Amino acid sequence: MESSALSSPGTGPQDVWLSSLVLVAACAAAAVLWHTDFFGGVLRFFVLFKIPHPPEEGFFLGSAFKLIRKDHHRAFSSWGRQLGPIYAVRVLCWHLVVVVDAGMANVILGNQEGLNKALEPDLSDALLSHTGHRTMFSADTNSPYWRLIRKGTAPAFISANIKNGFPDVIQTLAKVIRNMSQLPAGTALDMNNITMRIALDITGLVGFAKDFETCNTFKDADTDELFNIVKITFRELYSRTTNPARKYISWSRDAWEAERLIKKFRARMGELLQEVKARGELRTDDVSIAAHLLRLRDPATRQPLPDALLAGEFGMFFSAGLETSGNAISWTLYLIWQHPEVEARLAAELDDAGLLVTPQRPAPRAMEYADLSRLNYLSWVCKEAMRVRPVAATGSTRYTKRDLVLGGHFLPKGTMVDVPFYAVHHHPCNWEDPDAFIPERWAEPGAELVPEAGSATQGPASPQKDSSTAVEGEQRPKRFLPFSTGPRQCLGRALARILHDASIAQLVSHFSFQLADRMGGPEGVDRHEVNRLTMQPGEGMWMTFQSRAHSSEAQKPAPAIQAQRFSLQVRAGPLS
Ligand code: HEM
C-alpha cells in the first residue's frame with residue numbers, strides 16, 4: 001500500500017519539485033504584483049466607480065478624448081457643475097478623482113503627510129534635469145532634496161528681497177513702453193509675445209542678475225529666445241502626456257525640433273550657471289535665486305551641489321515663472337479691454353496716484369514699490385483676472401498615500417486626485433456669480449477665503465462643507481488658488497504678483513488697449529484658447545493701443561465708482 005501510495009500520480013519527487021517551483025513562481029508573481037501595486041489598482045478600479053462619473057463616458061476609453069482636448073479645463077468645470085464638487089473621470093481602467101469644492105481642495109493640497117505631489121517625472125524633468133534627477137518641482141514632498149531646495153531658496157522671495165529687484169522691474173517696463181511709444185499709431189502687437197519678454201527679462205534680472213535684453217527691441221523672436229524655447233518644449237511635453245511614445249520616436253518634425261530645443265534649453269541653463277559662477281565670490285547681500293542656490297550645501301557631504309543639479313534648478317525656476325507670468329499678464333490686459341468700466345476706474349486710480357499719462361502730464365512720476373500696496377483697485381483687478389483666467393487651469397494633482405474619506409467617498413491609498421483651479425474658481429459652491437469678472441468682490445476683507453457660514457457674501461451653500469473638509473489650524477479654506485496652497489504652493493508667488501501688478505499698472509498708465517480685429521473678438525479668443533501646461537491664448541493676444549498722452553478717447557473721465565457689484569459693462573457675454 002505504502003509503495004503504491006508513494007508511486008501514485010502527483011506525489012513523485014519530480015512532482016514535489018514541480019509543485020515547489022509553481023509555488024515559488026506564484027509567490028514571485030504575487031510579490032511583483034504587490035510591488036507594482038496591481039492589487040491596489042484592482043481595488044481602486046472597482047471602488048472608485050462609486051464616485052459619480054460623466055454620463056457620456058465611453059465604455060472602453062472613458063473620458064480620454066475629452067481629457068486630451070485643448071480646453072479640458074472647461075470640461076472639468078462643466079462636469080463639476082453637473083456632477084457636484086467631487087467626481088471621477090476614467091481612462092481605460094484608471095480613475096482620476098477630481099475635487100472642485102474649495103474645502104476639499106484644501107484638504108488635498110494642504111496635507112503634508114498623507115498625500116504627495118503626483119507628477120510624471122519625465123514630463124517636467126525632460127526639460128529640466130541634466131542628470132535624470134528630479135528637480136524641486138517634481139521631487140517627493142517628503143524628500144530631503146525637496147526640503148533643501150525649497151527652504152534654501154525661499155528667502156529669495158521674501159518681500160524685503162523682492163523689493164530690491166523692483167528698480168529692475170520698472171526699468172524693464174520702461175523699455176517696453178519706450179519701444180511701444182515709437183511704433184506708428186494703430187500698430188497691432190502680439191501682447192502675449194511682449195508679456196513673455198517682460199517675464200523673461202524680469203525673472204532673469206531679479207532672480208539671476210542677468211539681463212536677457214529681449215525687451216530692448218521687439219525684433220521678431222527667433223527660436224533662441226528662452227521664452228520661445230520654453231513655449232515649444234512645453235507644447236512637446238504636453239504632447240507627450242497624450243502620446244508617451246513621442247519621447248522615444250520623434251517621427252514628426254515638430255517632435256524632433258522640440259527635442260533639439262529641450263537640449264538647447266539645458267545648454268543655456270548650464271551656460272547661465274557658469275556665467276553666475278564666473279562672477280566670483282558671492283556677496284553676502286546677494287539675495288537672488290541664483291545666489292541662494294549656489295550657497296546650498298549637500299547635508300551629507302557639506303559640499304556645494306553639483307553643477308548638473310544646479311543647472312536643472314535654474315531651468316526649473318525659469319520654466320515655472322515664464323509662461324505662467326507672461327500668460328497671466330496677457331489675460332489681464334484682455335479682461336481689462338473686455339470691461340471698459342474697469343479700465344476707466346483703474347485709470348482713475350492711477351491718475352489719483354500721479355501715475356497716469358495724460359496730455360497735461362505726459363511724463364508722470366516713476367512708480368515705486370510702495371505704490372503696489374496703495375493701489376487697491378489695481379490689486380482687485382489683478383486678483384480677479386487670476387481668478388477668472390487662472391493660468392495653471394488644470395491645477396495640481398496628488399496621490400493619496402493612505403486610505404482617505406473625502407466628501408463622503410472612500411479613496412483607497414494610491415488614488416490620484418486633481419484640483420483643477422479653473423473649475424474651482426468657476427464653481428458656484430465657491431464663488432457667487434463665478435463666471436463674471438467683478439473686481440469689486442475683492443473689496444471684502446478675506447475674500448480669498450471661503451466666507452463664514454451665514455455671511456452676506458456666502459455663495460450658494462456647498463453640499464460638502466462637512467468636517468472632512470476642514471484643514472487643520474485653518475477654519476476657512478482658501479477658494480482663490482491661482483498659486484495653489486499648502487506646502488507645494490508656488491514658491492515664486494510674491495515675485496509673480498509684483499511682476500504682474502507692476503506690468504498692468506505701467507502698461508495701463510501709458511496706453512489704452514483694444515483687441516485687434518484679427519483676434520475675431522471674444523469668441524475668437526475663446527476659440528483659440530489652449531491649455532498646454534498653462535492656459536494661454538493659442539494664437540497670441542494681438543492688440544492695438546493708443547497712447548494716453550495723445551488720445552482724448554483714452555482720457556474719458558472715469559465714471560463714479562460703482563458700489564454695486566453687478567453693473568459692469570461687458571464687451572461680450574460672460575465666460576463659461
Ligand atoms: C502668475 C504667475 C505664476 C503662477 C500662476 C504660478 C503658479 C504655480 C502653481 C499652480 C504651482 C504648483 C503648485 C502645486 O503643485 O500645488 C507653482 C509651483 C512653483 N512655482 Fe509658480 N507660478 C507663477 C510664477 C512663478 C514665478 C515667477 C516663479 C519663480 C521665478 C515660480 C516658481 C515656482 C516654483 C519653484 C514652484 C514649485 C514649488 C514646489 O514644488 O515646492 N512661479 N506655481
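As the structure is a prediction and not an experimental result, all values here were calculated from the model. In listed order, ligands and their atoms are each counted from 1.
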Just jot down the side chain to side chain contact (heavy atoms under 4.5 Å, CB included) partners of [X], sequence neighbours excluded, or say none.
| X | answer |
| --- | --- |
| S503 | L173, I198, I329, L499 |
| L282 | D286, A291, L294, R295 |
| L404 | I108, T400, L411 |

- prompt: Within the distance-only criterion (no hydrogens, no angle test), does the side chain of D418 pair as donor or acceptor with the backbone N or O of V98 below 3.5 angstrom?
  reply: no
- prompt: Under 4.0 Å from any heavy atom of V391, which atoms of ligand 1 are there?
  reply: 5 (C)
Atoms in ligand 1 flagged as close to M316, the criterion being non-hydrogen separation under 4.0 Å: 35 (C)
Any idea which protein heavy atom is nearest [atom], and the distance to it?
| atom | answer |
| --- | --- |
| atom 13 (C) of ligand 1 | R488 O, 3.0 Å |
| atom 15 (O) of ligand 1 | S396 OG, 2.5 Å |
| atom 7 (C) of ligand 1 | P482 O, 3.6 Å |
| atom 37 (C) of ligand 1 | F137 CD1, 3.4 Å |
| atom 16 (O) of ligand 1 | S484 OG, 2.5 Å |
| atom 38 (C) of ligand 1 | R150 NH1, 3.3 Å |

query: Taking the six-membered ring of F137 as reference, does the NZ or CZ atom of K117 fall below 6.0 Å from its centre and within a 45° cone about the axis?
result: yes
message: Could you tell me if R387 sits above the aromatic ring of W431, with its cationic atom closer than 6.0 Å to the ring centre and no more than 45 degrees from the axis?
response: yes
Can [X] be said to touch ligand 1, with heavy atoms closer than 4.0 Å?
| X | value |
| --- | --- |
| W146 | yes |
| K117 | yes |
| S325 | yes |
| R497 | no |

query: Between F212 and F318, does the ring centroid distance fall short of 6.0 Å?
result: yes
- prompt: Quick one: do E384 and R441 make a salt bridge, cutoff under 4.0 Å?
  reply: yes
query: Heavy-atom count around R279 CZ within 6.0 Å, excluding the residue itself: above 12?
result: yes
Nearest neighbour of atom 35 (C) of ligand 1 from the list F317, F157, F421, on a heavy-atom basis: F317
- prompt: Near atom 21 (Fe) of ligand 1, which protein N/O/S atoms fall under 2.8 Å?
  reply: C490 SG
statement: In this structure, CE of M180 is separated from CG of L189 (nearest 0.5 Å) by 5.5 Å
query: In terms of the angle between their ring planes, are Y422 and H426 parallel, tilted or perpendicular, with boundaries placed at 30° and 60°?
result: parallel
- request: Please state whether the rings of F545 and F513 are parallel, tilted or perpendicular, taking 30° and 60° as the class boundaries.
  value: tilted
task: Apply side chain to side chain donor-acceptor pair (under 3.5 Å) to the pair S379 and D501, showing each step before the final yes or no.
output: CA-CA 7 Å; S379 130; D501 293 17; 5.3 Å; no
query: Using heavy atoms and a threshold below 4.0 Å, how should the contact between R398 and ligand 1 be classified: side chain, backbone, both, or neither?
result: side chain
